[in-house]
Amino acid sequence: MSGFLPDEPSAEVRVSPNFGPRRETVDIIVLHYTGMETGAGAEAWLCDPASEVSSHYLVHEDGRIVQMVRESDRAWHAGKSSWFGRSDINSYSVGIEIVNPGHSLGYRNFPKRQIDALIGLCKGIVQRHSIPAQRVLAHSDVAPGRKVDPGERFPWKALFEAGVGHLVEAAPVRRGAVLKAGDASAEVEALQSMLALYGYGVEISGAFDRQTEIVVEAFQRHFRQRKVDGVADGSTIRTLERLLGSVRAVPSK
């Protein structure tokens, strides 16, 4: 493909060869950070055939938006991932890479102009594909443990206040009983059930195993950012309950 008209009118086009046909209906947006030293380097990597990775969009720190794969095509951004028990997230998602060096290279706050551009981009994608608010997700949500981006510094609140994504006010962090690794109880089973009901990939066993800890940490990284430790304290559980209570019904695909 030598070029295409951008789906997002404000986007520049730089075609990546790393894509394939899409056979599923888009119903998720997955947000990533680039995790590389520079935006230019990330853009080049996503367009390099040798990388075998791509994304539909990249949002630079100055607010420039680059589209590399058409929304009608399947980009290679999510890797091994799942949501609501469905694997191959690439087949039914639009991936957006947000320039930020990430945890290994000096993780920093996301500039306002970058987030403003991202909000506009997400609004367009949501409108084009009728994506429910609760399916604007982090890479860490769909690939917990394997990925941590866009991370606990990502301003989900700014997106939500602009009408993008799903969020509730996180319950205050206080001393009290917690559920943690090694516990086994009906309360752990209830926690796992709530996480699975929201969409996370966790086995409902009643045992607070390593996978449960990883998923709790992913939940906190998105919805209770003040403290990310994988321990299900009262704040985590109450925030999850609030979140489930505010979910809108998602139409069957």
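The chain is numbered in sequence order, starting from 1. Keep in mind it's a predicted model, so treat the numbers as computed, not measured.
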Check against side-chain contact (heavy atoms from CB on, under 4.5 Å), V188 and Q192 = CA-CA 6 Å; V188 173; Q192 293 167 331; 3.9 Å; yes
message = Using the rule given for side-chain contact (heavy atoms from CB on, under 4.5 Å), can you reason through L46 versus N18, listing the C-alpha separation, both sets of side-chain angles and the distance that settles it, and then say yes or no?
response = CA-CA 8 Å; L46 291 165; N18 304 330; over 6 Å; no
#### Entry: Audit row: V164, I29, side-chain contact (heavy atoms from CB on, under 4.5 Å) steps and yes/no
CA-CA 11 Å; V164 175; I29 295 174; over 6 Å; no
Q: Please lay out, stage by stage, how D62 and R113 fare under the test side-chain contact (heavy atoms from CB on, under 4.5 Å).
A: CA-CA 6 Å; D62 63 5; R113 57 188 173 181; 4.2 Å; yes
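Listed by chain and number, the residues in a side-chain hydrogen bond (donor to acceptor under 3.5 Å, both in side chains) with D88 are R74, S91 (sequence neighbours excluded).
Two different hydrophobic clusters hold L105 and W45 under the rule that ILVMFWY side chains link at heavy-atom gaps under 4.5 Å. Both F219 and V247 belong to a single network of hydrophobic side chains, linked directly or stepwise wherever heavy atoms of I, L, V, M, F, W or Y lie under 4.5 Å apart. Hydrophobic clustering of Ile, Leu, Val, Met, Phe, Trp and Tyr side chains at less than 4.5 Å, counting indirect connections, keeps V228 apart from V173. A continuous path of hydrophobic side-chain contacts links V136 to F84 [ILVMFWY only; heavy atoms under 4.5 Å]. Hydrophobic clustering of Ile, Leu, Val, Met, Phe, Trp and Tyr side chains at less than 4.5 Å, counting indirect connections, keeps V15 apart from W76.
Between R153 and R108, the closest side-chain pair of non-hydrogen atoms is not below 4.5 Å. Counting heavy atoms from C-beta outward, L197 and S193 have side chains that stay 4.5 Å or more apart. Using a 4.5 Å heavy-atom cutoff, the side chains of L195 and V216 are in contact. Taking 4.5 Å as the limit, every side-chain heavy atom of S93 sits out of range of all side-chain heavy atoms of W83. Put simply, the side chain of V30 does not reach to within 4.5 Å of the side chain of S81, judged on heavy atoms. At least one side-chain heavy atom of Q211 sits less than 4.5 Å from a side-chain heavy atom of P144. L167 places none of its side-chain heavy atoms less than 4.5 Å from the side chain of L159. Counting heavy atoms from C-beta outward, V94 and D7 have side chains that stay 4.5 Å or more apart.
From L137, atom CG reaches atom CD1 of I89 across 7.5 Å, with rounding to the nearest 0.5 Å. Residue Q114 holds its CD atom at 9.5 Å from NE2 of H60, rounded to the nearest 0.5 Å. Distance check, rounded to the nearest 0.5 Å: CD1 of I204 to CD of E189 gives 7.0 Å. Going from atom OH of Y57 over to atom CD of E97 covers 14.0 Å, rounded to the nearest 0.5 Å. Rounding to the nearest 0.5 Å gives a distance of 5.5 Å between CE of M68 and SG of C47. Going from atom CZ of R224 over to atom CG of L240 covers 11.5 Å, rounded to the nearest 0.5 Å.
The ring of Y33 has its center closer than 6.0 angstrom to the ring center of Y107. Taking the six-membered ring wherever Trp is involved, the centroid distance between the rings of H166 and Y198 falls below 6.0 Å.
Paired with D27 under the rule salt bridge (charged side-chain N to carboxylate O under 4.0 Å, His left out), one option of R135, R22, R128 passes, and it is R135.
The main-chain N or O of L243 is never found under 3.5 Å from a side-chain atom of E241 such that the two would form a donor-acceptor pair. Judged purely by atom type and a 3.5 angstrom limit, Q220 uses its side chain to pair as donor or acceptor with the backbone of V231. Judged by distance alone, with hydrogens and angles left aside, the side-chain atoms of S55 form no donor-acceptor pair with the main-chain N or O of L58 at under 3.5 Å. A side-chain donor-acceptor contact under 3.5 Å links H56 to the backbone of D73. The closest donor-acceptor contact from the side chain of H139 to the backbone of A78 lies under 3.5 Å.
When all heavy atoms of I119 and A162 are compared, the pair lying nearest together is CG2-CB, 3.6 Å. The two residues F110 and P155 have their closest heavy-atom pair at CD1-CD, 4.0 Å. For the pair A232 and L191, the tightest heavy-atom approach, listed with the atom from each and the gap, is CB-CD2, 3.6 Å. Taking every heavy atom of both residues into account, A171 and S235 meet most closely at O-OG, 2.6 Å. Taking all atoms of both residues into account, the shortest heavy-atom contact from V215 to G201 is CG2-O, 3.6 Å. The two residues C122 and I96 make their nearest non-hydrogen contact at SG-CD1, 3.9 Å.
Taking the charged nitrogens against the carboxylate oxygens, R210 and E213 do have a contact shorter than 4.0 Å, which makes a salt bridge. With respect to the salt-bridge test (charged N to carboxylate O, under 4.0 angstrom), the residues D149 and K147 do not qualify. Salt bridge R242/E169: absent, no basic N to carboxylate O contact under 4.0 Å.
Between the side chains of E152 and H103, a donor-acceptor pair is found at a separation under 3.5 Å.
A 6.0 Å sphere centred on CD of E12 holds more than 12 heavy atoms belonging to other residues, nucleotides or ligands.
Ring orientation note: the planes of F154 and W156 are nearly perpendicular, at an angle over 60° on the 30°/60° scale.
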